[in-house]
*Asks:* 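Sending over a structure as structure tokens; questions will come in a sec.
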There are 2 protein chains.
Amino acid sequence: MDSFDKKILFELQRDCSISLAQLSERVGLSQTPCWRRIQQLEKQGVIRKRVALLDTEAVNLGLTVFVHLKTNQHNPGWLTSVTDFAEHAPEITEFYRMSGETDYLLKVLVPDMKAYDNFYKRLISQAGFSDVSSSFAMEQMKYSTEVPLDYIHK
Amino acid sequence: MDSFDKKILFELQRDCSISLAQLSERVGLSQTPCWRRIQQLEKQGVIRKRVALLDTEAVNLGLTVFVHLKTNQHNPGWLTSVTDFAEHAPEITEFYRMSGETDYLLKVLVPDMKAYDNFYKRLISQAGFSDVSSSFAMEQMKYSTEVPLDYIHK
DNA sequence: CCAATTAAAGAAAATTTATCTACATGGACA
DNA sequence: TGTCCATGTAGATAAATTTTCTTTAATTGG
């Protein structure tokens, strides 16, 4: 994992639709070693997948909500039902077990308040929570799937 | 935006590295109309971009932190400095202006607590906050860039 | 209900791009 | 110096993208 690999990752994180010719030029390698490195990075699992990112407004998803969950039922069954729900609810794009005040954090994408209310009812009908607090995003100032490459070891 | 478009978006959200042949087969169209629809969706901006997603562990980013910010300085200069910082800090992958208790919410990716502490110092040196509360993710239960297509109008 | 028009789909060819191989070159290092 | 890597060049093949043209299906006006 050297400077060339980092450059490849940097470029592909921004745009993976470019041709090998363009990529290798930007990276400063010829096509063959560039291609070999991509294969390697995919085999190693550093590159997980290649996806298309959609405009959330264009698909009618104007409302982002962060849902802070607390529970008093710390048993396996409870967690399973919540995990299952999150797994199958496409509105939930992120789901974390947290330290501190909130036990679990959800990031939810819906069109509007009405749709969120509907989602909310489905959520609380699925499992018991001692507290559910919803924080609404007024404005998305930044959203990026690019992760920093500055911390890569070596 | 009909059923075919939705299928195309569904597939490309999961994997945009598949060939047009595979995609058109899954969608149930021949290659040409399928290709034309993709072009259209890109021109319309429904498809924003195509990117490679990396394994955060593999690039040494084991710690996800949600940072809740409060301020009492509601002036343009303050916001500009914070926005600038967020823009240029690769550790900040998401940044929202919120309703309710917290004024702004950050999602931050760093290797470990030490790196977060370093980031934290840089953050608070950049602008004044009346409160900064950091929530640490213990476990990522779900992370997806796929957004629900069920709410598309028409 | 039918003919005319339009829009989208399909087929096939042409062009570009990706994939893989073989071999030569040059630097790093014991 | 000789060995080991990784790169570069070249090229062959396969595959994917894009264009062109034809056909089908849907729509509208009379």
Side-chain angles (χ1 to χ4, degrees), chain A residues 1-55 57-60 145-154, chain B residues 1-55 57-61 144-154:
Chain A
M1 177 75 74
D2 60 6
S3 151
F4 287 126
D5 283 326
K6 279 194 195 179
K7 280 183 187 169
I8 290 170
L9 293 177
F10 177 80
E11 293 297 335
L12 292 183
Q13 276 201 111
R14 307 203 117 181
D15 184 3
C16 70
S17 69
I18 58 172
S19 69
L20 187 60
Q22 290 173 72
L23 179 64
S24 55
E25 193 181 7
R26 290 183 198 177
V27 168
L29 277 175
S30 64
Q31 296 196 18
T32 305
C34 197
W35 177 80
R36 276 195 280 245
R37 281 165 181 271
I38 295 169
Q39 299 297 316
Q40 186 77 5
L41 289 165
E42 280 175 345
K43 201 179 69 183
Q44 290 173 338
V46 180
I47 297 175
R48 270 203 307 126
K49 59 196 304 205
R50 292 149 183 266
V51 301
L53 299 183
L54 308 188
D55 182 338
E57 299 289 339
V59 293
N60 193 28
T145 55
E146 291 175 52
V147 301
L149 303 174
D150 313 311
Y151 295 108
I152 297 176
H153 4 252
K154 275 279 149 32
Chain B
M1 178 74 76
D2 60 5
S3 150
F4 287 125
D5 283 326
K6 279 196 194 178
K7 280 183 187 168
I8 290 171
L9 293 177
F10 177 81
E11 293 296 335
L12 291 183
Q13 276 202 110
R14 309 202 117 182
D15 184 3
C16 71
S17 70
I18 57 170
S19 69
L20 188 60
Q22 290 173 70
L23 179 64
S24 55
E25 193 182 7
R26 291 183 198 177
V27 169
L29 276 175
S30 65
Q31 297 197 18
T32 305
C34 197
W35 179 81
R36 275 195 280 248
R37 280 165 181 270
I38 295 168
Q39 298 297 314
Q40 185 77 5
L41 289 165
E42 281 174 345
K43 202 179 68 183
Q44 290 174 338
V46 181
I47 297 175
R48 271 203 307 126
K49 59 198 302 205
R50 292 150 181 266
V51 302
L53 300 183
L54 309 188
D55 182 338
E57 299 289 338
V59 293
N60 193 27
L61 294 169
S144 178
T145 57
E146 291 174 52
V147 300
L149 303 174
D150 312 311
Y151 295 107
I152 296 177
H153 5 250
K154 276 274 150 34

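Lettering follows sequence order; numbering is per chain, from 1.
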*Asks:* Rounded to whole angstroms, how far apart are CZ on B:Arg36 and P on D:dT18?
*Replies:* 13 Å

*Asks:* Output the rounded distance in Å from CD (B:Glu42) to P (D:dT17).
*Replies:* 11 Å

*Asks:* Is B:Val51 close to A:Asp15 at the side-chain level, that is, under 4.5 Å between some pair of heavy atoms?
*Replies:* no

*Asks:* Without decimals, in angstroms, what is the distance between A:Ile8 CD1 and D:dA6 C1'?
*Replies:* 13 Å

*Asks:* When you compare the side chain of A:Ile152 with that of B:Val59, does any pair of heavy atoms fall below 4.5 Å?
*Replies:* yes

*Asks:* Quick one: A:Ile38 CD1 to C:dT17 P, roughly how many Å, whole number?
*Replies:* 15 Å

*Asks:* Can you check whether A:His153's main-chain N or O pairs, donor with acceptor, with B:Asn60's side chain at less than 3.5 Å?
*Replies:* no

*Asks:* Quick one: label B:Ser19 by what it contacts on the DNA or RNA (base, sugar-phosphate, nothing), any heavy atom closer than 4.0 Å.
*Replies:* sugar-phosphate

*Asks:* Give the rounded distance in Å between these two atoms: CG of B:Leu12 and P of D:dT17.
*Replies:* 10 Å

*Asks:* Taking OP1 and OP2 of D:dT18, is either one under 4.0 Å from a side-chain nitrogen or oxygen of B:Trp35?
*Replies:* yes

*Asks:* In whole angstrom, give the distance that lies between atom CZ of A:Phe4 and atom P of C:dG27.
*Replies:* 14 Å

*Asks:* Quick one: is C:dA9 close enough that its OP1 or OP2 comes under 4.0 Å of any side-chain N or O from B:Thr32?
*Replies:* no

*Asks:* So does B:Gln39 get a side-chain nitrogen or oxygen closer than 4.0 Å to the phosphate oxygens (OP1/OP2) of D:dT18?
*Replies:* yes

*Asks:* Starting at atom CD of A:Gln31, determine the distance to atom C1' of C:dC20, rounded to an integer number of angstrom.
*Replies:* 12 Å

*Asks:* Mind calculating the distance between CD (A:Glu25) and C1' (D:dG8) to the nearest angstrom?
*Replies:* 16 Å

*Asks:* Quick one: pull up CG in A:Leu149 and CD1 in A:Ile8 and give me the separation to the nearest 0.5 Å.
*Replies:* 11.5 Å

*Asks:* Determine: side-chain N/O of A:Arg37 to OP1/OP2 of D:dA6, distance under 4.0 Å, yes or no.
*Replies:* no

